[in-house]
Amino acid sequence: AVPAPAPDSLRPLLVTMYERLSIADQVALSKWDTRQPTQDSAREAQVIANARKQALERKLDPDEVAELVAAQIEASKLVQYGLLAQWQAAGKAPDTPRPDLSTQVRPRLDQLQARLLTEYAKFARYRTDPNCPLWLATARSGLIKDALHGQGLIRATGDLCITAQ
Ligand SMILES: C=C(O[C@@H]1C=C(C(=O)O)C=C[C@H]1O)C(=O)O
């Protein structure tokens with residue numbers, strides 16, 4: 001039998017996750033320049049608190065949404081640590097323009113979060129579909145630009161499907 005096609009809501013959700021992951025490059029550049037640590041626990045707590053608030057406004061489960069956003073944060077750090085290690089090994093970071101972390105990059109991450117929740121809400125009911133892992137693997141492979149961001153997207157979507165193995 002031909003497996004059921006992925007719901008239309010999956011790709012925009014993954015695209016948004018991948019866009020958030022791509023912003024990790026700018027975050028890492030800013031941290032390289034300023035020698036700020038990658039981990040910022042206070043900012044993470046704010047991002048998650050904001051996600052819980054948005055979940056309630058949208059009648060989504062706040063714990064579920066907090067987990068989803070925590071996975072995006074972990075994925076972002078995975079990419080940041082990977083890039084910083086590459087730049088350390090090379091002795092230099094790319095010579096590209098640096099948007100400011102607090103006034104430009106974080107506001108962009110905050111904007112993306114609303115979109116992430118809108119798209120998550122549309123996909124949520126398919127998380128337990130037995131085809132979910134197959135849909136996910138297929139959709140992911142159409143997006144990935146390099147190994148590190150690929151690992152990031154795997155981390156970001158690691159608990160998206162809820163299926164008995
Ligand atoms: C993206 C950042 O780096 C890390 C990841 C975060 C995130 O993904 O929201 C938040 C704080 C940091 O631990 C950041 O500092 O803004």
Side-chain angles (χ1 to χ4, degrees), residues 4-31 36 38-83 99-146 148-164:
D8 290 344
S9 50
L10 179 58
R11 191 172 159 92
L13 175 60
L14 293 194
V15 166
T16 304
M17 288 178 171
Y18 205 60
E19 204 172 313
R20 193 182 195 285
L21 263 187
S22 303
I23 296 176
D25 297 39
Q26 291 163 20
V27 177
L29 275 174
S30 152
K31 289 179 178 175
Q36 249 176 284
T38 298
Q39 174 77 34
D40 184 336
S41 301
R43 165 66 181 169
E44 288 188 17
Q46 267 175 23
V47 171
I48 300 219
N50 189 32
R52 286 183 173 278
K53 203 178 99 208
Q54 289 175 322
L56 288 172
E57 287 162 7
R58 291 154 188 257
K59 302 195 163 40
L60 293 168
D61 179 340
D63 290 338
E64 205 176 286
V65 166
E67 293 271 3
L68 176 83
V69 170
Q72 308 316 302
I73 292 173
E74 292 308 317
S76 171
K77 286 185 289 184
L78 191 84
V79 169
Q80 290 181 54
Y81 290 127
L83 291 173
D100 181 74
L101 184 61
S102 59
T103 62
Q104 294 176 288
V105 182
R106 284 178 173 172
R108 182 87 193 96
L109 289 169
D110 293 337
Q111 278 170 19
L112 267 182
Q113 186 153 293
R115 214 174 98 195
L116 183 76
L117 294 209
T118 301
E119 280 148 13
Y120 173 73
K122 292 182 192 155
F123 182 74
R125 85 178 92 141
Y126 298 104
R127 292 181 69 195
T128 53
D129 192 294
N131 291 309
C132 183
L134 183 65
W135 294 336
L136 186 54
T138 309
R140 262 196 319 239
S141 65
L143 284 174
I144 292 167
K145 66 177 177 199
D146 63 36
L148 181 59
H149 292 83
Q151 288 305 118
L153 193 60
I154 287 172
R155 180 65 189 86
T157 56
D159 295 303
L160 188 60
C161 298
I162 306 168
T163 46

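Source: prediction; values computed, not measured.
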So for atom [atom1], which belongs to [X], do other residues, nucleotides or ligands contribute more than 12 heavy atoms lying within a distance under 6.0 Å?
X	atom1	value
Asp159	CG	no
Gln36	CD	yes
Lys145	NZ	yes

Salt-bridge contact Lys122-Glu119 (side-chain N to carboxylate O under 4.0 Å):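 Salt bridge absent between Lys122 and Glu119.
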Looking at side-chain heavy atoms only, is the closest gap between [X] and [Y] below 4.5 Å?
X	Y	result
Leu101	Gln26	no
Thr163	Thr128	no
Val27	Val79	no
Leu60	Glu64	no
His149	Asp25	yes
Ile48	Ile73	yes
Val69	Val47	yes
Leu116	Leu68	yes

task: Check whether the side chains of Gln80 and Ser76 place a donor and an acceptor atom closer than 3.5 Å, and report yes or no.
output: yes
message: Whether the Gln39 and Glu44 side chains hold a donor-acceptor pair (N or O, under 3.5 Å, no angle test) is what I'd like checked.
response: yes
Gap separating the [atom1] atom of [X] from the [atom2] atom of [Y], nearest 0.5 angstrom:
X	Y	atom1	atom2	value
Leu109	Ile23	CG	CD1	4.5 Å
Leu78	Leu148	CG	CG	6.5 Å
Leu14	Leu21	CG	CG	10.5 Å
Ile154	Ile144	CD1	CD1	5.5 Å
Arg140	Thr157	CZ	OG1	4.0 Å
Arg127	Ile162	CZ	CD1	3.5 Å

Which heavy atom of [X] sits nearest a heavy atom of [Y], and at what distance?
X	Y	result
Thr103	Pro107	O-CG, 3.3 Å
Ala55	Leu117	N-CD1, 4.0 Å
Pro99	Ser30	O-CB, 4.4 Å
Pro133	Asp129	CD-O, 4.1 Å

- request: May I have all residue pairs that pass salt bridge (Lys or Arg N to Asp or Glu O under 4.0 Å) and include part of residues 10-22, sequence neighbours excluded?
  value: Glu19-Arg108, Glu19-Arg115
- prompt: Can Arg106 and Asp40 be said to form a salt bridge (charged side-chain N to carboxylate O under 4.0 Å, His left out), step by step?
  reply: CA-CA 12 Å; Arg106 284 178 173 172; Asp40 184 336; 3.0 Å; yes
Side chain to side chain donor-acceptor pair (under 3.5 Å) involving Gln54 - partner list, sequence neighbours excluded: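 If we apply the side chain to side chain donor-acceptor pair (under 3.5 Å) test to Gln54, skipping adjacent residues, the hits are Gln113.
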Contacts of Asp63 that satisfy salt bridge (Lys or Arg N to Asp or Glu O under 4.0 Å) - sequence neighbours left out: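 For Asp63 the salt bridge (Lys or Arg N to Asp or Glu O under 4.0 Å) partners, ignoring immediate neighbours, are Arg52.
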message: Can you list everything that forms a salt bridge (Lys or Arg N to Asp or Glu O under 4.0 Å) with Arg43? Sequence neighbours excluded, please.
response: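 Partners of Arg43 under the salt bridge (Lys or Arg N to Asp or Glu O under 4.0 Å) test: Asp110.
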field: From CA spacing to verdict: side chain to side chain contact (heavy atoms under 4.5 Å, CB included), Thr16, Thr118
entry: CA-CA 10 Å; Thr16 304; Thr118 301; over 6 Å; no
- request: Could you name each residue pair satisfying disulfide (SG to SG under 2.5 Å) that touches residues 99-135, not counting sequence neighbours?
  value: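 For residues 99-135, and leaving out neighbouring residues, the disulfide (SG to SG under 2.5 Å) pairs sorted by first residue read Cys132-Cys161.
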task: Please collect all ring-ring contact (aromatic ring centres under 6.0 Å, His included) contacts where either partner lies in residues 106-125, sequence neighbours excluded, each pair once.
output: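 For residues 106-125: Phe123-Tyr126.
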message: Can a donor-acceptor pair be found, under 3.5 Å and without considering hydrogens, that links the side chain of Trp135 to the backbone of Ala4?
response: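 Indeed, once roles are kept as given, a pair shorter than 3.5 Å links the two residues.
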